[in-house]
Amino acid sequence: MAVLTGSRAWQALKEHYAAMREVHMRDLFAADPERFEGFSLHFGELLFDYSKNRISAETLDLLCRLARQEGLEDKIDRLFAGERVNVTEERPALHMALRNRSGRPMTVEGRDVMPQVNGVLARMREFVAAVHSGAWRGFSGEPVRDVVNIGIGGSDLGPQMVCAALRPYGRPGLRVHFVSNVDASQLLETLRDLDPATTLFLVASKTFSTQETLANARSARDWLLRAAGDPAHVARHFVAMSSHAQRVREFGIDPANMFEFWDWVGGRFSLWSAIGLSIALAVGMERFEELLAGAHAVDEHFRSAPLEANIPVIMGLLGIWYIDFFGAESHAILPYDQYLHRLPAFLQQGEMESNGKSVTLDGRAVDYATAPVVWGEPGTNGQHAFYQLLHQGTRLVPADFFAAAQSHHPLGEHHTLLLANCLAQSAALMAGRTPEQARRQLQAAGLPPETIDRLLPHRVFAGNRPSNTFLYPKLTPRALGALVALYEHKVFVQGAVWGINSFDQWGVELGKQLADSIRPALRDDARDQKFDSSTAGLLRFCRQYRIPS
Ligand code: F6P
């Protein structure tokens with residue numbers, strides 16, 4: 001047994017789980033009319049309701065003991081102190097500095113990084129103003145009307161999710177698009193309706209070596225030059241956001257058009273950096289800074305609130321409770337907010353790339369489960385697709401619900417219906433429907449007893465399915481910044497307790513390397529013997545039908 005699972009706090013939770021396993025949340029709510037007050041927290045304008053979880057005060061106490069045993073408070077301090085918490089890449093993870101609005105220094109290796117951070121923000125502000133005012137002009141002298149962010153993973157998902165979420169704040173006359181997939185279909189479908197003369201490309205890549213991004217950026221440059229002719233025009237249409245000036249230069253983008261960030265910013269935590277330029281262009285620098293302010297407020301909460309009243313800590317520990325004690329395999333993200341439709345995809349990277357690990361910081365195999373499969377869809381759509389499984393399937397799927405009290409678009413009864421559905425789903429998952437209730441309903445419908453007996457098992461809902469609900473008055477930049485930062489820190493909390501490195505991603509390397517060796521074999525059959533028979537067979541098929549380019 002590994003150190004963690006053999007530890008006192010873990011064993012105490014295991015025993016407690018045996019007692020809690022059969023406890024129904026229905027009974028917990030019935031026994032305590034104040035349960036909502038006891039298990040919900042307000043943060044600014046955000047409400048975090050975690051009362052619909054299979055927990056008691058003792059559960060939380062034991063989970064916090066586990067966190068303390070694993071040194072969480074100290075690990076949070078070390079994270080904010082800019083220590084090299086990413087031990088396999090030997091770097092800090094100080095994305096909080098990017099949104100530090102406190103005026104306090106934040107240091108990496110003893111050096112305050114705030115002057116650099118604020119310097120890039122100032123350059124972004126200038127650039128955004130130039131684009132918005134029309135002072136920045138393309139090769140034909142026209143202002144920018146379309147911005148295309150070319151990036152993948154953290155250089156795409158964060159800004160894309162935020163731009164979608166903040167669409168109501170979008171500047172009229174400027175459209176922002178995202179191209180990530182190396183499948184040319186995405187690039188070509190995006191460019192089809194655009195005019196090269198009024199299109200600005202943002203090449204977003206921390207390393208500036210990512211194959212998909214460079215392939216898309218090259219093809220975008222060719223598309224531009226077919227219209228613009230002179231390569232000197234690239235400078236008016238291409239800017240880069242990267243930590244690698246040399247590679248940006250080699251690609252042919254003027255370093256004067258590069259917005260820098262640093263290796264202490266992980267890709268999936270980078271939307272607050274220059275990678276957020278697409279956001280600032282879409283909604284304006286002021287709104288971008290409100291987003292930063294929302295996240296900063298959460299940073300302050302995370303580093304100072306006691307564990308028992310610390311929202312990301314509670315989120316993380318609840319996840320551990322279900323993953324490691326109840327055996328939950330997945331976690332559903334269910335926004336009742338169409339503007340958050342990319343949130344599940346964004347959090348997928350945030351949780352699965354960060355904590356999808358099976359060795360501890362010191363390289364030992366874990367004997368407990370780590371990150372769950374994160375998935376989801378906007379709520380009401382999901383209700384007509386996969387909620388059947390959430391309610392009556394054989395798996396326990398903890399879920400997070402999100403909704404704004406006010407819509408950006410008050411239209412008739414729409415928002416009332418949306419909110420009613422959101423609240424109804426978490427209530428139904430929690431309480432379920434007992435056989436007695438189901439029988440009464442069927443009797444009330446006037447069905448004969450034998451039909452009732454036949455239908456009854458199908459009409460029962462076990463309930464006891466946990467969820468959290470996040471409510472906010474309106475989906476503002478500030479509220480969104482806070483929500484995202486809560487999840488970033490949740491991920492850190494879980495990684496800290498599991499003793500894994502949440503900040504590296506070696507698991508994406510093997511496939512990348514193999515793709516490099518498979519690529520030539522798509523043209524040349526002499527290489528087939530290098531591969532297993534399945535890969536060789538697939539290659540044969542591709543070669544047979546492929547139109548070589
Ligand atoms: O493939 C994984 C990854 O390294 C992610 O962590 C990262 O967000 C993405 O690729 C893109 O990387 P880059 O910004 O360096 O192009």
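Counting convention: from 1, in listed order, for ligands and their atoms alike. Given the structure is predicted, the values throughout are model-derived calculations rather than measurements.
- Remark: of the listed residues Glu488, Glu289, Glu290, Glu488 is the sole one forming a salt bridge (charged side-chain N to carboxylate O under 4.0 Å, His left out) with Arg99.
- The heavy atom nearest to atom 16 (O) of ligand 1, considering only Val508, Thr210, Ile150, is found in Thr210.
- For atom 3 (C) of ligand 1, the closest non-hydrogen atom on the protein side is Glu353 OE2, 4.3 Å.
- Residues satisfying the ring-ring contact (aromatic ring centres under 6.0 Å, His included) test with Phe492, not counting sequence neighbours, are none.
- Distance alone, capped at 3.5 Å, is enough to place a donor-acceptor pair between the Gln494 side chain and the Gly316 backbone.
- When each atom of ligand 1 is checked for a heavy atom of Gly153 under 4.0 Å away, the hits are 8 (O).
- At least one N or O atom of Gly154 sits closer than 3.5 Å to an N or O atom of ligand 1.
- If you look at Gln505 next to ligand 1, the close heavy atoms, those under 4.0 Å, all belong to the side chain.
- Close approach of ligand 1 to Ser205 (heavy-atom distance below 4.0 Å) involves ligand atoms 13 (P), 14 (O), 15 (O), 16 (O).
- Under a 3.5 Å cut-off, the side chain of Glu351 and the backbone N or O of Ala371 do not form any donor-acceptor pair.
- The protein non-hydrogen atom at the shortest distance from atom 11 (C) of ligand 1 is Ile152 O, 3.2 Å.
- In this structure, atom 10 (O) of ligand 1 lies nearest to the protein heavy atom Lys512 NZ, 4.6 Å.
- In this view, Phe346 satisfies the ring-ring contact (aromatic ring centres under 6.0 Å, His included) rule with no residue, not counting sequence neighbours.
- When heavy-atom distances to ligand 1 are checked against a 4.0 Å cut-off, Thr207 comes that close through both its backbone and its side chain.
- Under the 6.0 Å distance and 45° angle rule, Arg221 counts as a cation-pi partner of Phe251.
- You'll find the side chain of Phe503 stays beyond 4.5 Å of the side chain of Ser354, heavy atoms only.
- Listed by atom number, the atoms of ligand 1 under 4.0 Å from Gln349 heavy atoms are 5 (C), 6 (O), 8 (O).
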